[in-house]
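Report on the structure given below.
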Amino acid sequence: MTSLHPNSSLQKSVLDRIIPPVADLPGAGGLGIEKELERMSTEHHKFSGILFSAIESIQSRLGEDTVTVENLNKAISGFESFEPTPFALLLELVYLAYYSDPRVHDRIGWKTGPLQPEGHPLPPWEESILTKVKNRAPFWIEVD
């Protein structure tokens with residue numbers, strides 16, 4: 001199952017309401033970040049299915065109403081009010097995907113590329129490295 005919603009028109013509209021277009025830069029719905037949203041949804045468990053379920057929830061709140069800015073804002077606000085945790089995850093997912101795009105970097109003046117002086121990309125972080133340390137008892141004294 002894809003994490004993207006089959007109603008791509010509604011999905012693009014929702015993404016554009018989250019991050020609207022600015023001057024010559026499209027919003028999140030028009031920037032073409034679907035592949036990045038899909039990648040993040042499959043690689044990061046906390047984002048698994050969030051985009052699909054969020055669009056489903058917003059679509060159900062719209063009902064048979066025509067998708068206008070006003071109706072979409074009400075549906076998104078309802079989703080935010082009644083499902084705050086999934087809404088926060090949706091925002092995080094969209095912001096991460098949007099702000100990882102080089103066109104956005106250019107627009108806002110972010111320096112892109114590897115952070116190391118030699119330009120060597122860092123390997124992905126392996127959380128299991130910290131397993132032993134996390135299981136150790138504290139070696140410090142708590143002070144009030």
Side-chain angles (χ1 to χ4, degrees), residues 1-63 65 67 69 71-144:
M1 177 179 139
T2 180
S3 58
L4 301 176
H5 197 273
N7 187 341
S8 61
S9 172
L10 177 59
Q11 180 176 288
K12 286 181 181 194
S13 296
V14 169
L15 294 176
D16 272 344
R17 294 306 302 146
I18 293 172
I19 303 178
V22 176
D24 60 338
L25 186 66
L31 196 61
I33 59 173
E34 289 81 5
K35 284 185 181 179
E36 183 65 7
L37 291 168
E38 180 80 25
R39 184 192 67 75
M40 291 175 68
S41 294
T42 56
E43 289 182 12
H44 303 285
H45 180 71
K46 76 178 193 174
F47 296 131
S48 179
I50 194 65
L51 183 61
F52 183 90
S53 62
I55 303 303
E56 280 290 299
S57 181
I58 291 166
Q59 186 172 33
S60 71
R61 292 173 196 291
L62 279 169
D65 291 344
V67 179
V69 171
N71 290 340
L72 191 55
N73 285 345
K74 284 181 189 174
I76 293 171
S77 291
F79 174 59
E80 178 184 13
S81 296
F82 292 101
E83 301 180 60
T85 301
F87 179 77
L89 286 171
L90 174 66
L91 286 183
E92 184 178 356
L93 175 65
V94 173
Y95 288 167
L96 286 170
Y98 183 82
Y99 286 103
S100 68
D101 191 285
R103 295 168 289 181
V104 176
H105 294 184
D106 289 343
R107 175 77 166 86
I108 62 177
W110 276 1
K111 182 180 185 275
T112 59
L115 300 176
Q116 298 179 16
E118 299 299 314
H120 303 291
L122 294 172
W125 174 249
E126 180 53 51
E127 187 71 26
S128 65
I129 293 171
L130 298 177
T131 303
K132 280 186 177 179
V133 175
K134 286 180 179 179
N135 291 330
R136 289 183 187 158
F139 58 87
W140 59 86
I141 297 173
E142 292 286 333
V143 178
D144 290 329

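In this text the structure is predicted, and so the values were computed from the model without any measurement.
Salt bridge present: E36 and R39 bring a charged side-chain N and a carboxylate O closer than 4.0 Å.
Between the CG atom of D24 and the CZ atom of R107 there is a distance of 5.5 Å, given to the nearest 0.5 Å.
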(request) Assess whether side-chain contact (heavy atoms from CB on, under 4.5 Å) is satisfied between S41 and L93, documenting all intermediate values. (result) CA-CA 8 Å; S41 294; L93 175 65; 3.8 Å; yes
(request) Given side-chain contact (heavy atoms from CB on, under 4.5 Å), test E38 with E43 step by step and report yes or no. (result) CA-CA 9 Å; E38 180 80 25; E43 289 182 12; over 6 Å; no
(request) Evaluate the side-chain contact (heavy atoms from CB on, under 4.5 Å) criterion for residues I19 and L31: first the C-alpha distance (whole Å), next the side-chain angles of each, then the deciding distance (0.1 Å), finally the verdict. (result) CA-CA 10 Å; I19 303 178; L31 196 61; over 6 Å; no
(request) Please lay out, stage by stage, how I18 and Y98 fare under the test side-chain contact (heavy atoms from CB on, under 4.5 Å). (result) CA-CA 10 Å; I18 293 172; Y98 183 82; over 6 Å; no
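Contact detail for A28 and V94: the closest heavy-atom pair is CB-CG1, 3.8 Å. Across L96 and M40, no two heavy atoms sit closer than the pair CB-CE, 3.3 Å. Contact between Q59 and L10 at its shortest, heavy atoms only, is CB-CD2, 3.5 Å.
V69 pairs in a side chain to side chain contact (heavy atoms under 4.5 Å, CB included) with only one of the listed residues (N73, N71, L72), which is N73.
Using bins of under 30°, 30° to 60° and over 60° for the plane-to-plane angle, the ring pair F87/F79 lands in the perpendicular bin.
Judged by distance alone, the side chain of S53 and the main-chain N or O of I50 form a donor-acceptor pair under 3.5 Å.
For E83, the salt bridge (Lys or Arg N to Asp or Glu O under 4.0 Å) partners are R61, not counting sequence neighbours.
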